[in-house]
Amino acid sequence: MGGDGTAPVGVRVLVAEDSGLAAAVIRDALLADGHEVEVAPDGDAALARLRDGRPADLLITDGEMPGLGGLAVCRAVRRDPALRHLPVIFLTAGEGMVVDALDAGADDHLPKPFRPEELRARVRAALRLARHRADAEAERDLSHALVESLQDGLLVLARDGRILRVNERMVALTGFAREDLVGRRPPYPFWPREDAGAYGDRLAAALRDGAAGEADRTYVRADGERRFVIVSLAALDLASADGAAFVSTVKDVTTRHGAEEELRRSEAVARALAREQAALGRVAAAVAEAGPPERVFDLVAREVAGLFGVEAGGVARFADDETAILVGSWASTDAMRLPTGAVLPTSDDSLSGRVRRDGRPARQDAVRAGLRYGSGHVDRGSAVAAPVSVDGELWGTVGALSTRPGGLPEDAERRVGKFGNLVGLAIASAAAREELPRLAETDALTGLANRRAFEARLEAEILRARDGGAPLSVVVLDLDHFKEVNDRHGHEEGDRTLRTLAARMRSATRASDVIARIGGEEFAWLLPATGVEGARALADRLRGIIAAEPFGVAGTRTISGGVAELGPTDDGAALLRAADARLYTAKSSGRDRVVSV
């Protein structure tokens, strides 16, 4: 898949079609895009080939075939764990099977007869949708892998202390199988029997008060070996569907426990590492919960400042060549606090400017020249910042500020860089999730709503109109003599004409309206709180806009329209049929007109 969102070429497409003529049309259209095409004469043969070790990248199935029909094929594909993400385009001879096909698991439908260009556009759209699904799953897998890659044990706890999740390191540290840990309430099997009561009381108090902290503990592995650990506990800020409320990290310090002098010298380092892992664990858990990135920004700002024990932390997004916008912040005092949305300079001599210029972490020790932050003035102190990248592009920075000379450790750049990676992951994950529903409801050629999105909105507006007693009208529009454009100038010019038409329609509609492409050159316009006369006037105005300016080499074009208002017993299908019948009257009466009776 290209980075510009184009569909990949050379994918394997399986076509389930009993008509040799239709199969040949589909094969020729897809071969033109460089795809590998295999044809199965019926549903049984299609399923057999999908399961033969060479799964397809896309399935196109006819609705009615001998033996196993298209609906049964869709259901079988969605039930099969190995095939359930396979994109499916359903071919129908009419509108009768559309709802059943979508309910059976089809991603899109295409009525017969169809233009090869539209088939190719729908194939590209289906492959883009599959790509975004795969990206979203990859982001979830990456979040899981990030948690699993932590060097310390990790537990996610419910408010009653029940263990909801553990990482592989926790399994290895305790020697208990994952299924022996998940679901357990205190006392945990790895607590020493003689300390279980005290451990349970302290954990219950921490869970009740929501108090963060860390403590030295002794764990007993499943094989009886004792391990000495440092346990950290902190509350999660983001709500979770499974009730996750706290995250606990467990650092194994057994190898240092025997040497008391070595332990005293390394205790500060061990605790700092535990705090870092705990902070990273909390942020990683927040990213894995797929919450809004804005919440992750504020969490990161607080965690970075808390990790270093400094007065302020923040996340900023680069706005232009000279400024950045603060999107998440935390400060210990009002004087140091900056509001979200504050503009920060990114000149070459500033800390953010150096990160932007060099693309790597940087620090600034303000011993002579003071730093200004919020309404405060830092005469002596230090700051650190690291880049945030999304899909390989520099997006912004994450950083921390201390008002004390030497207030940041020597390895602060390396440690803050880990938080920058998590911020980038949260942004990329949110972008992939937001893109999926938009692609599913958008016509690939014009960018307008597709028929499925239009029909869903139509049903919602009918309920709203009936509840509020307001009128509701629909206009069905058709580009006159569109076949002439394709015949004279080619289908590429025809597609360009449809895109231009869609742009003009979009500019003429109101914010409350919905305009959608529901067929080849047929469009539907939903007008809430508008009676038939008002809808006709708006449609006539649009007709004038369309005819006023030529469509490039296609020249001046006109549209015809049919208008219908919701009646007392109408449903969505009846309202569309009425508007479509009046469109037919408009076209049979000479075109370039709008008919409402």
Walk me through it: do Glu168 and Arg178 pass the test side-chain contact (heavy atoms from CB on, under 4.5 Å)? CA-CA 8 Å; Glu168 192 62 31; Arg178 191 182 299 264; 2.8 Å; yes
Report the C-alpha distance between Leu472 and Leu526 in whole Å, list the side-chain angles of each, state the deciding distance to 0.1 Å, and finish with yes or no for side-chain contact (heavy atoms from CB on, under 4.5 Å). CA-CA 8 Å; Leu472 176 67; Leu526 179 61; 3.7 Å; yes
Start with the C-alpha gap between Asp18 and Asp62, add the side-chain angles, then the distance that decides, and say whether side-chain contact (heavy atoms from CB on, under 4.5 Å) holds. CA-CA 8 Å; Asp18 61 321; Asp62 189 17; 3.4 Å; yes
Test Arg452 against Asp108 for salt bridge (charged side-chain N to carboxylate O under 4.0 Å, His left out), laying out the working first. CA-CA 9 Å; Arg452 179 167 59 179; Asp108 198 1; over 6 Å; no
Report the C-alpha distance between Asp443 and Arg499 in whole Å, list the side-chain angles of each, state the deciding distance to 0.1 Å, and finish with yes or no for salt bridge (charged side-chain N to carboxylate O under 4.0 Å, His left out). CA-CA 11 Å; Asp443 176 64; Arg499 285 193 291 268; over 6 Å; no
Decide side-chain contact (heavy atoms from CB on, under 4.5 Å) for Leu110 and Thr92; before the verdict, give the C-alpha distance in whole Å, the side-chain angles of both, and the deciding distance to 0.1 Å. CA-CA 6 Å; Leu110 183 62; Thr92 64; over 6 Å; no
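Pairing each heavy atom of Leu542 with each of Arg504, the nearest pair is CD1-O, 4.2 Å. Glu117 and His491 get closest at one heavy-atom pair: OE2-CD2, 2.9 Å. Closest of all the heavy-atom pairs between Val474 and Leu458 is CG2-CD1, 4.0 Å. Heavy atoms only, all atoms of each residue included: Thr446 and Arg506 are closest at O-NH2, 3.3 Å. Here the closest non-hydrogen pair linking Gly63 and Phe90 is CA-CZ, 3.3 Å. Across all non-hydrogen atoms, the minimal contact from Thr497 to Ala554 is OG1-CB, 3.6 Å.
No donor-acceptor pair closer than 3.5 Å links the side chain of Asp33 to the backbone N or O of His35. Judged by distance alone, the side chain of Thr558 and the main-chain N or O of Ala547 form no donor-acceptor pair under 3.5 Å. With hydrogens and angles disregarded, a donor-acceptor distance shorter than 3.5 Å links the side chain of Ser19 to the backbone of Ala22. The backbone N or O of Pro81 sits nowhere less than 3.5 Å from a side-chain atom of Arg79 that would complete a donor-acceptor pair. Using modelled atom types, one side-chain atom of Ser473 and one backbone atom of Thr530 make a donor-acceptor pair closer than 3.5 Å. Side-chain atoms of Arg49 come within 3.5 Å of backbone atoms of Val39 as a donor-acceptor pair (strictly under, hydrogens ignored). Of the possible polar contacts, none joining the Ser589 side chain to the Ala586 backbone as a donor-acceptor pair under 3.5 Å is found. A donor-acceptor contact shorter than 3.5 Å is absent between the side chain of Arg169 and the backbone of Leu154.
Considering only heavy atoms from C-beta on, Ile515 stays 4.5 Å or farther from Phe454 through its side chain. In this structure the side chain of Phe523 reaches within 4.5 angstrom of the side chain of Leu501, judged on heavy atoms. Side chains of Ile26 and Leu91 form a contact here, defined as non-hydrogen atoms less than 4.5 Å apart. Between Leu477 and Val475, some side-chain heavy-atom pair lies under the 4.5 Å cut-off. In this structure, His109 and Ile89 have side chains that are not in contact, with every pair of non-hydrogen atoms separated by 4.5 Å or more. Side-chain contact between Leu31 and Glu36 is absent, with no heavy-atom pair separated by less than 4.5 Å. Looking only at side-chain heavy atoms (C-beta outward), Leu155 and Val247 stay at 4.5 Å or farther from each other. With contacts defined as side-chain heavy-atom distances shorter than 4.5 Å, the pair Leu14/Ile60 does not qualify.
Using a 4.0 Å cut-off between charged nitrogen and carboxylate oxygen, Asp513 and Arg510 count as a salt-bridge pair. For the pair Asp540 and Arg536, the salt-bridge criterion is met [side-chain N within less than 4.0 Å of a carboxylate O]. Salt-bridge annotation for Arg133 and Asp107: present, with a side-chain N of the basic residue lying under 4.0 Å from a carboxylate O of the acidic one. Ion pairing between a basic and an acidic side chain is recognised when a charged N comes within 4.0 Å of a carboxylate O; Arg496 and Glu493 show such pairing. Ion pairing between Arg591 and Asp478 fails under the 4.0 Å rule for side-chain N and carboxylate O. Salt-bridge formation is detected for the pair Arg12/Glu38: a Lys NZ or Arg NE/NH1/NH2 atom is positioned less than 4.0 Å from an Asp or Glu carboxylate oxygen. With respect to the salt-bridge test (charged N to carboxylate O, under 4.0 angstrom), the residues Lys112 and Glu17 qualify.
Summarising the geometry, atom CD1 belonging to Ile559 is positioned 8.0 Å from atom CG belonging to Asp480; distances are rounded to the nearest 0.5 Å. Distance check: Leu181 CG to Arg165 CZ gives 14.5 Å after rounding to the nearest 0.5 Å. One distance of note links CG of Leu498 with OG1 of Thr500; it measures 9.0 Å at 0.5 Å rounding. In this structure, the separation between CD on Glu455 and CZ on Arg451 is 5.0 Å, given to the nearest 0.5 Å. For the atom pair CZ (Arg122) and CZ (Arg115), the distance works out to 10.0 Å, reported to the nearest 0.5 Å. For the atom pair CH2 of Trp525 and CD1 of Ile518, the computed distance is 14.0 Å after rounding to the nearest 0.5 Å.
Sparse packing is recorded around CZ of Arg541, with 12 or fewer heavy atoms of other residues, nucleotides or ligands lying under 6.0 Å away. Sparse packing is recorded around CZ of Arg488, with 12 or fewer heavy atoms of other residues, nucleotides or ligands lying under 6.0 Å away. With a 6.0 Å radius and a threshold of 12 heavy atoms from other residues, nucleotides or ligands, Lys483 has its NZ atom at or below the threshold.
Checked against side-chain contact (heavy atoms from CB on, under 4.5 Å), Ala564 has the following partners two or more places apart in sequence or in another chain: Leu575, Ala578, Ala579, Arg582.
Arg317 forms no cation-pi arrangement with Phe297, by the criterion of a distance under 6.0 Å to the ring centre and an angle within 45° of the ring axis.
Pairs of residues two or more places apart, or lying in two chains, that qualify as salt bridge (charged side-chain N to carboxylate O under 4.0 Å, His left out) and include a residue from residues 547-574 are Glu484-Arg557.
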